[in-house]
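Residue numbers start from 1 in every chain, and the chains themselves are labelled A, B, ... in the order their sequence lines are given, proteins ahead of strands. Computed from heavy atoms alone, side chains included, the values below leave out hydrogens, waters and symmetry copies.
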Number of protein chains: 2
Amino acid sequence: MISKQAEAVRRHWAAVRQAMTRPEDERPDDESWGDLTAEPRAVDYIEVEAGGLPAMWAVPKRGVQDRVLLCLHGGGFVGGSIYTHRKMFGHLAKATGARALIIEYRLAPAHTHPAQVDDVVDAYRWLIGQGIDPAHIAFTGDSSGGGLSITAQLRARDRGLPLPAAALPFSPWTDMEAAGKSYETNEDKDPFFYRETVRMLAATFLGEDGDPRDPLASPLHADLSGLGPIYIQVGGDEALLDDARMLDEHARKAGVDVRLDVFPGMQHTFQMAAGRAPEADDAVRRMAAWAAPRLGL
Amino acid sequence: MISKQAEAVRRHWAAVRQAMTRPEDERPDDESWGDLTAEPRAVDYIEVEAGGLPAMWAVPKRGVQDRVLLCLHGGGFVGGSIYTHRKMFGHLAKATGARALIIEYRLAPAHTHPAQVDDVVDAYRWLIGQGIDPAHIAFTGDSSGGGLSITAQLRARDRGLPLPAAALPFSPWTDMEAAGKSYETNEDKDPFFYRETVRMLAATFLGEDGDPRDPLASPLHADLSGLGPIYIQVGGDEALLDDARMLDEHARKAGVDVRLDVFPGMQHTFQMAAGRAPEADDAVRRMAAWAAPRLGL
């Protein structure tokens with residue numbers, strides 16, 4: 001049975017869908033996504049410039065300084081910010097006992113692929129330059145940020161940087177072709193992610209000459225061998241359920257240590273209800289428990 | 001004409017009124033009040049203990065360190081927190097170019113008057129102990145915190161502390177008897193603050209033997225002579241409009257330099273819509289412009 005609090009995530013996506021039909025000045029602003037999340041408390045928030053990008057440290061009062069989650073927010077590559085995801089990544093940092101660096105990569109349509117993977121690499125290089133050991137860094141992100149948590153590793157490797165210790169994509173968007181069968185099987189359950197919507201977002205992200213099979217845009221087409229361990233979470237009611245399953249399968253075939261947890265009845269990025277919905281708190285706890293030993297905690 | 005964004009404040013209060021009839025576990029949690037406010041951006045938030053109280057620094061990136069707004073959140077002495085008011089006081093700090101120290105005084109019914117004035121004095125003493133000159137401190141607060149921004153000064157003076165430079169109460173709750181005529185004249189405009197509701201809150205705050213005419217609870221019954229300048233803001237559609245007017249009149253009679261701005265059509269603590277409603281942004285700008293020279297900025 002789904003908690004009342006998790007039900008708020010479904011209502012959020014239904015409201016976002018409905019808002020698309022309203023005049024622009026009557027739509028709730030982008031920040032309302034973050035209203036799903038309760039304050040984690042005992043976490044400080046300090047804005048910085050990280051490799052030229054706007055960024056925010058979320059620093060738990062009880063946590064170590066030298067272990068870092070590099071956090072990549074979702075929003076279809078066209079929305080989301082350090083503010084929408086401040087509290088949610090704050091919960092994850094607090095549960096892990098490490099700092100979170102939440103970054104604001106450039107958004108489409110003003111900036112198309114590969115601006116996003118390049119931005120993550122710049123922030124990652126900056127973080128290493130701050131003296132943080134790559135073995136003590138994990139990439140994490142939801143939705144578009146979930147895909148980025150994998151593709152940016154490939155870009156970093158191409159650029160001669162060492163790989164981070166691990167990655168924790170949740171509700172990752174990994175397939176720019178939107179080919180998954182879950183678009184059909186969860187059509188009545190997911191109130192926002194219709195295939196045509198996701199294809200439109202993909203076209204916006206990839207730009208005019210973009211290839212939906214570009215391995216730096218869709219990690220399903222990338223060679224993932226050699227990557228560190230990956231822990232994927234996804235909601236059972238998501239249209240993007242198969243994006244997670246396909247990433248799991250693709251990484252496994254490449255010899256990567258990968259784990260996938262499907263949360264029955266949950267919606268896209270249900271972890272945004274952290275501090276309110278027990279399912280989100282359970283998910284955050286599982287991510288923290290998985291990440292801590294991989295960061296040497 | 002009232003902006004669409006300011007209309008959200010009225011909807012908030014109507015929703016709070018309606019929520020009172022629902023089972024407790026179906027009510028939105030206290031933090032939703034803060035969802036009215038947009039992120040001020042370029043402000044850091046650092047939790048501290050201030051004189052034994054939970055507190056939070058809101059530190060604008062471009063501001064001086066040695067000028068401080070001591071911020072007292074509203075919530076009828078039974079609710080509100082450093083989290084509900086983080087962004088709103090963040091806007092005020094950023095506009096003023098000073099730091100804000102938002103404190104969490106103890107709440108009723110667990111703690112009745114005078115726990116709240118005592119807590120503010122403890123935080124104020126702590127702030128002075130941090131090396132901040134009282135002449136560089138202003139007290140500010142909304143609703144119950146607005147009343148406190150005056151009464152806590154009296155308590156501080158009783159305790160031998162120097163007075164702060166100024167006070168900026170907005171939508172202040174100053175009358176524990178709820179005698180103002182605006183409870184009638186704005187009855188159809190204010191969706192939440194009915195006289196019986198406010199009297200119930202006053203009884204909860206004052207406790208069993210409490211006196212609604214206690215000068216440390218109702219500044220309308222206090223000797224305000226000698227206090228520094230006061231700038232009051234209030235919404236024209238508030239049931240508590242007369243609380244502001246009576247404070248203005250009472251302070252003026254005591255020889256205090258006082259200014260009152262009434263914002264036509266605005267609801268209780270409409271400043272919570274800062275960053276969204278032009279009326280709230282105007283109010284914040286006016287407070288900042290008034291406070292800055294009084295803090296020596």
Side-chain angles (χ1 to χ4, degrees), chain A residues 3-8 11-12 15 22-49 54-63 73 80-88 90-91 94 99 102 104 272-278, chain B residues 3-8 11-12 15 19 22-49 54-63 73 80-87 90-91 94 99 102 104 272-278:
Chain A
S3 73
K4 278 177 194 171
Q5 295 81 2
E7 191 45 32
R11 281 200 306 274
H12 165 79
R22 272 186 275 159
E24 193 144 1
D25 70 334
E26 286 177 21
R27 294 179 203 166
D29 67 32
D30 191 47
E31 282 178 21
S32 66
W33 192 5
D35 296 344
L36 289 171
T37 321
E39 285 282 353
R41 297 163 185 251
V43 178
D44 296 331
Y45 303 93
I46 294 142
E47 294 186 22
V48 285
E49 198 183 279
M56 182 191 279
W57 282 111
V59 185
K61 287 293 186 192
R62 289 193 190 117
H73 69 78
S81 71
I82 54 180
Y83 304 108
T84 54
H85 285 61
R86 175 184 68 84
K87 290 181 278 184
M88 194 268 289
H91 279 282
K94 185 177 171 181
R99 287 194 293 170
I102 314 164
E104 242 173 58
M272 289 293 274
R276 295 213 172 102
Chain B
S3 73
K4 278 178 195 171
Q5 296 81 3
E7 191 46 31
R11 281 200 306 274
H12 165 78
R22 272 185 274 159
E24 193 144 1
D25 70 333
E26 286 178 21
R27 294 180 204 166
D29 66 33
D30 191 46
E31 281 176 21
S32 66
W33 193 5
D35 296 345
L36 289 171
T37 322
E39 286 282 353
R41 299 166 183 246
V43 179
D44 295 333
Y45 303 93
I46 294 142
E47 294 187 24
V48 286
E49 198 183 279
M56 182 192 279
W57 282 112
V59 184
K61 287 294 188 193
R62 289 194 191 117
H73 68 78
S81 71
I82 54 180
Y83 304 108
T84 53
H85 284 60
R86 176 184 67 82
K87 288 180 279 184
H91 279 282
K94 185 177 171 181
R99 287 193 294 169
I102 314 164
E104 239 171 60
M272 290 293 274
R276 296 213 172 102

*Note, B/Met272 side chain near B/His85 side chain (heavy atom, < 4.5 Å)*: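 Yes, close enough: below the 4.5 Å cut-off.
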*Of all of B/Ser81, B/Ala38, B/Ser32, which one pairs up most often with chain A through heavy atoms under 4.5 Å apart?*
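Top option by heavy-atom pairs under 4.5 Å: B/Ala38.
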_Winner by heavy-atom pair count (cut-off under 4.5 Å) against chain A, out of B/Met56, B/Arg276, B/Gln5_ =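 Most heavy-atom pairs within the cutoff with chain A belong to B/Arg276.
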_Donor-acceptor pair, distance only, cut-off 3.5 Å: does the side chain of B/Asp44 make one with the backbone of B/Lys61?_
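Looks like no, no N/O pair under 3.5 Å.
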Which bit of [X] comes within less than 4.5 Å of chain A, counting heavy atoms only: side chain, backbone, both or neither?
X       : result
B/Arg41 : both
B/Val43 : backbone
B/Ala8  : neither

*Rounded to the nearest 0.5 Å, how far does NE2 of A/His73 lie from OH of A/Tyr83?*
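If I round to the nearest 0.5 Å, the distance is 11.5 Å.
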*Would one find more than 12 heavy atoms of other residues, nucleotides or ligands at under 6.0 Å from atom CZ of B/Arg62?*
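For B/Arg62, atom CZ is not crowded (no more than 12 foreign heavy atoms under 6.0 Å).
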_The criterion is ring pair (Phe, Tyr, Trp, His ring centres under 6.0 Å); which residues satisfy it with A/His91, sequence neighbours excluded?_
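For A/His91, no residue satisfies ring pair (Phe, Tyr, Trp, His ring centres under 6.0 Å) once neighbours in sequence are set aside.
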